[in-house]
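Structure, as structure tokens:
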Amino acid sequence: MKFTKKTALFIMLTFFAFAGSHAALAASNAEIQFVQKLNSVLSNGNISDALALFDSMPDNLQEDVDLRTLHASLLLSAGKTVDAEKIAVNLLSKEPKNIDVLLLNAMVAKQKNNNVKKQQYLKQILSIQPYNADANIELGNEQAVKRNYRNARDYYLKAIKGEPENIEALFGHGKMSYYLQRDDDSKKSFNKILSLDPNNAPALSYLAKFEAESRRFKKAVEYVSKAIEIEPDNSDYYFDLGNFNREAGKYDEAEKAWKKATQLDPDYFLGYAYLAGLLDEQGRYDEAYDYYKKVVQKNPNYYYAYESIGMLAWRVGNYPEARQYFEAAYNANPNNTSYALMIACCMQKMKKVQDCKTFTEKAMKNLDRNSFEYLTLRLIHDMTGESTLTLKIQNEESKKKKGKYLYYLAVYWDLKQNLSLAHKYYAEVTEIQGADFFEYRLAEWAEKGSE
């Protein structure tokens, strides 16, 4: 049981029921004033003041099940689990089939991480009310955390059947349907939420995603901008706003959005990664470098940032730093032989020939001797014998693989001061369409440097 402002409405209804009964007509003004004051305090969402009121609750209300259930729920919301449990257990002994009491005990069990007890109470609720929204939502949330999206969706559907306008159930169903790529079902739920609550920011944010996926970026920006107006401190919405503007080619707007995201969530690495990539793409290399550095400060395991710093250092001829960051990338992802090759090339550039031989011997140890990886490392190790690799590259049909190893063949000739052959191979790399390997950018920089 969660405390929300709906609880205040519950108290108001309790009060009217109380005031309309014969018992209430004979009740003291103090009792009526207590319920009125409690309702007023809860309307403002002030849990601590509401709990303080219960200390002075009139005797005639001490056994009211609804008020005691509410009291325990508020205690639970305030983190006072032991006190809440005392009331919950006592109520259950008197009303073992009361849905609200069972739900209260389930939430106490959840707070105590007693999943067995929680499941027991939820099953009891569903045996009485199969479409009880609260129980089905709780089970749906449980399945969603486990990424059992289909099971979670089914629980949310049962909750919706019990309460067709339950926003939490509709949102859960919309989100699970989104993950299951049931777009029409998802949109239907989110639009239903907006019909009930036009200012529901999470629903707006998901509808924005759908618009963006259909490349309707203007509409996507409208949706997420409205979500931001409602929840201006939600960094997720600014991440989305940046992505939508980036895809629409509005780099300045994307940059503004992601900078705002990093202000709101300064310890999350992704905002810095987005900014670094955006600036890198625009050729603003010094700014990109600074943001990549922030990425690895926030997330030392994000090896793509190490890769990018290594590339930028290589670009300006800072081979010791390039080596340092390619080594960091290689340590984080030792299966990527490109990192090993870049480390070896850095060592050769630095005239650390013996270090290079020691490193490449270790890197080659478990590789297939006929593979591109082995032959290229062997080439940088020996700094001779290029004919075998050259022939293998010429016969390779995969453009990506061909381009990647042409780059290292170009570096080999660069190291040997044969610049005409080096730039011949750099040019062949840059002629490849749709290249998605980082060596392509290095070849582009090498070509521009030769102009």
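Using a cut-off of 4.0 Å between Lys/Arg side-chain N and Asp/Glu carboxylate O, Glu229 and Lys226 are scored as not salt-bridged. By the 4.0 Å N-to-carboxylate-O rule, Asp280 lies close enough to Arg441 to be salt-bridged with it. One finds a salt bridge joining Lys259 and Glu255 here, because a Lys/Arg side-chain nitrogen approaches an Asp/Glu carboxylate oxygen to under 4.0 Å. A salt bridge does not link Lys357 to Glu361: none of the charged nitrogens lies less than 4.0 Å from a carboxylate oxygen. Salt bridge annotation for Asp355-Lys352: absent, with no cationic side-chain nitrogen under 4.0 angstrom from a carboxylate oxygen. Under a 4.0 Å N-O distance rule, the pair Lys416/Glu386 does not qualify as a salt bridge.
Taking CG of Leu367 as the reference point, atom CG of Leu375 lies at 10.0 Å (rounded to 0.5 Å). Separation of atoms CE (Met176) and CG (Asp154) is listed at 11.5 Å; rounding is to 0.5 Å. Taken from OH in Tyr223 to NZ in Lys218, the straight-line distance is 14.0 Å, to the nearest 0.5 Å. One finds the OH atom of Tyr121 at 12.0 Å from the CG atom of Leu103 (value rounded to the nearest 0.5 Å). Distance check, rounded to the nearest 0.5 Å: CG of Leu341 to SG of Cys346 gives 11.0 Å. Going from atom CG of Asp240 over to atom OG of Ser205 covers 6.5 Å, rounded to the nearest 0.5 Å.
The ring-ring contact (aromatic ring centres under 6.0 Å, His included) test with Phe239 is passed by exactly one of Phe269, Tyr268, Tyr272, Trp258: Tyr268.
Put simply, the side chain of Tyr306 gets close to the backbone of Pro300: a donor and an acceptor are under 3.5 Å apart. Ser186 places no side-chain N or O within donor-acceptor distance of the main-chain N or O of Asp183, the cut-off being under 3.5 Å. Without hydrogens or angle criteria, Asn245 side chain to Leu241 main chain gives a donor-acceptor distance under 3.5 Å. The backbone N or O of Ile380 sits less than 3.5 Å from a side-chain atom of Gln348, completing a donor-acceptor pair. Without hydrogens or angle criteria, Asn333 side chain to Ala329 main chain gives no donor-acceptor distance under 3.5 Å. Proximity of a side-chain donor or acceptor of Asn166 to a complementary backbone N or O of Lys161 within less than 3.5 Å is not detected. Put simply, the side chain of Ser73 never gets that close to the backbone of Thr69: no donor and acceptor are under 3.5 Å apart. Using modelled atom types, no side-chain atom of Ser225 and backbone atom of Glu222 make a donor-acceptor pair closer than 3.5 Å.
Tyr408 is listed as a side-chain neighbour of Ser338, based on a closest heavy-atom distance under 4.5 Å. Residues Leu312 and Trp445 have side chains in contact (heavy-atom distance under 4.5 Å, counting atoms from C-beta outward). Residues Ile228 and Asn234 form no side-chain contact, since every pair of their non-hydrogen atoms from C-beta on lies 4.5 Å or further apart. Residues Asp414 and Leu419 meet the side-chain proximity criterion, which asks for heavy atoms closer than 4.5 Å. In this structure the side chain of Asp368 never reaches within 4.5 angstrom of the side chain of Tyr374, judged on heavy atoms. The side-chain heavy atoms of Arg315 and Leu442, taken from C-beta on, include no pair separated by under 4.5 Å. Contact of the Glu85 side chain with the Asn105 side chain is not registered, since no non-hydrogen atoms from C-beta on lie closer than 4.5 Å. Between Tyr149 and Arg147 there is a side-chain heavy-atom pair separated by less than 4.5 Å.
Using cut-offs of 30° and 60° on the angle between ring planes, the pair His423 and Tyr426 is tilted. Taking the six-membered ring for Trp and thresholds of 30 and 60 degrees, Tyr319 and Trp314 have ring planes more than 60 degrees apart, a perpendicular arrangement. Using cut-offs of 30° and 60° for the angle between ring planes, the Tyr304 and Tyr302 rings count as perpendicular.
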| field | Stepwise ring pair (Phe, Tyr, Trp, His ring centres under 6.0 Å) check, Tyr178 with Phe210 | value | CA-CA 9 Å; Tyr178 178 82; Phe210 282 118; 5.3 Å; yes

| field | Residues Glu168, Phe171; criterion side chain to side chain contact (heavy atoms under 4.5 Å, CB included); working and verdict | value | CA-CA 5 Å; Glu168 189 175 359; Phe171 184 78; 5.8 Å; no

| request: Evaluate the side chain to side chain contact (heavy atoms under 4.5 Å, CB included) criterion for residues Gln143 and Arg150: first the C-alpha distance (whole Å), next the side-chain angles of each, then the deciding distance (0.1 Å), finally the verdict. | output: CA-CA 9 Å; Gln143 291 297 308; Arg150 194 174 300 278; over 6 Å; no

| task | Please assess Arg153 against Leu180 for the test side chain to side chain contact (heavy atoms under 4.5 Å, CB included), listing each intermediate value before the final yes or no. | result | CA-CA 9 Å; Arg153 181 201 60 183; Leu180 292 167; 4.1 Å; yes

| task | Let me see the working for Glu138 and Asp134 under side chain to side chain contact (heavy atoms under 4.5 Å, CB included), right down to the final yes or no. | result | CA-CA 6 Å; Glu138 179 60 31; Asp134 291 317; over 6 Å; no

| request: Assess whether side-chain hydrogen bond (donor to acceptor under 3.5 Å, both in side chains) is satisfied between Asp83 and Thr81, documenting all intermediate values. | output: CA-CA 6 Å; Asp83 293 336; Thr81 308; over 6 Å; no

| request: Would you sort out whether Tyr289 and Lys293 count as a side-chain hydrogen bond (donor to acceptor under 3.5 Å, both in side chains), showing the intermediate values? | output: CA-CA 6 Å; Tyr289 175 90; Lys293 280 290 188 76; 2.9 Å; yes

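The two residues Ala72 and Leu104 make their nearest non-hydrogen contact at CB-CD2, 3.5 Å. Closest approach of Ala340 and Ala363 over heavy atoms only: CB-CB, 4.4 Å. Between Asn132 and Ile99 the shortest heavy-atom distance is ND2-CG2, 3.4 Å. For the pair Glu231 and Pro202, the tightest heavy-atom approach, listed with the atom from each and the gap, is OE2-CD, 3.9 Å. The shortest non-hydrogen separation linking Gln124 to Leu102 is NE2-CD2, 3.8 Å. Ala169 and Tyr156 get closest at one heavy-atom pair: O-CB, 3.7 Å.
More than 12 heavy atoms of other shown residues, nucleotides or ligands fall within 6.0 angstrom of atom NZ in Lys209. Heavy atoms of other residues, nucleotides or ligands lying less than 6.0 angstrom from NZ of Lys298 number more than 12. Counted within 6.0 Å of CG on Asp184, heavy atoms from surrounding residues, nucleotides or ligands total 12 or fewer; the atom is thus considered open. Heavy atoms from other residues, nucleotides or ligands lying under 6.0 Å from CD of Gln181 number 12 at most. Around atom NZ of Lys192, more than 12 heavy atoms belonging to other residues, nucleotides or ligands sit under 6.0 Å away.
Side-chain atoms of Gln282 and Glu287 include no donor-acceptor pair closer than 3.5 Å. Inspection of the Tyr238 and Gln263 side chains reveals no N or O donor paired with an N or O acceptor under 3.5 Å.
A cation-pi arrangement is present between Lys392 and Phe372 under the rule of less than 6.0 angstrom and at most 45 degrees off the ring axis. The cationic group of Lys187 does not satisfy the cation-pi geometry with Phe190, failing either the under 6.0 Å distance to the six-membered ring centre or the 45° limit from the ring axis.
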